[in-house]
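Comments concern the structure below.
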Amino acid sequence: MGMFERTASVFDDAMVLDEEYQPDKIRERDEELEQYRQALQPIIDNRPLSNIFVYGKTGTGKTVATRYMIDHLQEDAEHYDDVALSITWVGCENLSSSYQVAVALVNELRSSDHQISTTGHSQQAVFNMLYTELDKIGGTVLIVLDEIDNIGSDDDILYGLPRARANGYIEDARPLVIGISNDFQFKENLSPKVRDTLCEAEILFPPYDATELNSILYPRAEKAFYDDVLADDVVPLCSAFAAQDTGSARQALRLLYLAGKRVADNGETNVTGDHVRGAKEELHQSKVIEGMQKLTTQGHAVLLTLASHTANSETPVRTRDLYDRYKTVTEKIDADTIVERRVRAHLSDLTMLGLVTVHERNEGLNAGRYHEYELSVQLDSVLEVLSEEQRFDDIVEIVKQQVHGMDRT
DNA sequence: TTTCCACAGGAATTTTTGGAGA
DNA sequence: TCTCCAAAAATTCCTGTGGAAA
């Protein structure tokens, strides 16, 4: 037997639960798909085009629905000799300006041996290249800009593209922009001139509720798992948790996958509600850890101070005492010592992130009104994250010692 | 009822930082 | 590399606040 063999598993085809998986039928989005169909119809009819904007939070089906629609559109367009259609898809996750989007578009349209570099051109030069490429292709060019809200208020590309034809920069092509945005506010930040051209057709994808998530999950669960390995409450629980939190199908699918993975890893044979609860906890925990890692050095320093109090069983701590120790901590790790007001702000940030909890105390004339803080996360995981920064090493070691000292007594 | 502790946290302002263009 | 800009962080100054004690 080789070193690797196929793991016995509850999964028939786990890829069905993957983010990349494109279902052959979109569920619970009938209205949105119909709006989409109407917005795209002019392409087939050779009527004037209007640009399309798609809004919705992550996991509400914007991207999947767009893929689905343009697949069908492309297929159906082939039945008409006088409809020339080409599609260009650009994900703007890492593009923060119109210039960068324009470069990405040019490179997407050009063959791999005629790519341009991301620097060194003037914005106008790149736009001209883009127009030339569009004209070469000709016909209707559908340009999908996914996560377009990344470009912020720099909207030149959104202004230029839809008007290129009217302004005489291109003659043979009809560009049509589909913008996909996670941010409802994005529209507000655009300049007015862009707003009315781009937002001619708007399609809104609201968060899913638990019932809708169920209807999305069940068919997928059926394909992903072998028969009879899922307990009855598994899918409804995934849906309920995801609906309560974000209303995201991505999250619900993730929960379902993680629950199954837990079962597979343990060599068990059936997925139960408890596995889902475990998966939910796991997902939550990884979000918390991620939140901790993203903190600034000062945030880490404040957290470390509170960790130190925790290790010595001195929690909850009032702000004043915490700040005293904070000063010695920053000295040891050779970081700046910031004023108390700012430390209070950091504490309030940590509270927002769910890393610490506050208790408001009030002892009137005796001791006035103040906050007391304690960790709401495992001390171990805090120390683990903090030790990732080398300058924290020594002092994290000391805190760990203190924890062990407690164990002995 | 009034007083007043001891801090919370808002607002205005200054400093630092990080990223892009010259 | 330097310069510039905007955004984030920090600082400064301040007003607001709930309830125990007077």
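Chain identifiers are assigned alphabetically (A, B, ...) following the order of the sequence lines, protein sequences preceding nucleic acid strands; residue numbering begins at 1 within each chain.
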Might you list the N or O atoms of the protein lying below 3.5 Å from N or O atoms in nucleotides 10-12 of chain C, with each pair's distance?
{"from": "C/dA10", "atom 1": "OP2", "to": "A/Arg342", "atom 2": "NH1", "distance (Å)": "2.5"}
{"from": "C/dA10", "atom 1": "OP2", "to": "A/His346", "atom 2": "NE2", "distance (Å)": "3.0"}
{"from": "C/dT11", "atom 1": "OP2", "to": "A/Val339", "atom 2": "N", "distance (Å)": "2.7"}

Is the closest side-chain donor-acceptor distance between [X] and [Y] under 3.5 Å?
{"X": "A/Tyr36", "Y": "A/Glu31", "value": "no"}
{"X": "A/Thr246", "Y": "A/Gln251", "value": "yes"}
{"X": "A/Glu78", "Y": "A/Gln74", "value": "no"}
{"X": "A/Glu374", "Y": "A/His359", "value": "yes"}

Do A/Asp380 and A/Lys400 meet the salt-bridge criterion of a basic N to acidic O distance under 4.0 Å?
->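 Answer for the salt bridge query: no.
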Salt-bridge contact A/Glu372-A/Arg361 (side-chain N to carboxylate O under 4.0 Å) | yes
What is the distance, to the nearest angstrom, from the [atom1] atom on [X] to the [atom2] atom on [N]?
{"X": "A/Arg320", "N": "B/dG9", "atom1": "CZ", "atom2": "P", "value": "17 Å"}
{"X": "A/Asp349", "N": "B/dG10", "atom1": "CG", "atom2": "P", "value": "11 Å"}
{"X": "A/Glu372", "N": "B/dA6", "atom1": "CD", "atom2": "P", "value": "15 Å"}
{"X": "A/Asp321", "N": "B/dA6", "atom1": "CG", "atom2": "C1'", "value": "13 Å"}
{"X": "A/Leu322", "N": "B/dC7", "atom1": "CG", "atom2": "P", "value": "12 Å"}
{"X": "A/Lys294", "N": "C/dA8", "atom1": "NZ", "atom2": "P", "value": "14 Å"}

Test side-chain contact (heavy atoms from CB on, under 4.5 Å) applied to A/Val103 - qualifying residues, sequence neighbours left out | A/Tyr99, A/Asn107, A/Ile116, A/Thr118, A/Val126
Please answer whether the main-chain N or O of A/Ser308 pairs with a side-chain N or O of A/Asn312 as donor and acceptor at a distance below 3.5 Å.
->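 Yes; at least one donor-acceptor contact below 3.5 Å.
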Which comes earlier along DNA chain B counting from the 5' end, the contact point of A/Asp336 or that of A/Thr319, where each point is its nearest nucleotide?
->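 Per heavy-atom nearest nucleotide, the more 5' residue is A/Thr319.
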Nucleotide-resolved protein contact map, nucleotides 14-22 of chain C, B/S/- at heavy-atom distance under 4.0 Å = --BBBBBB-
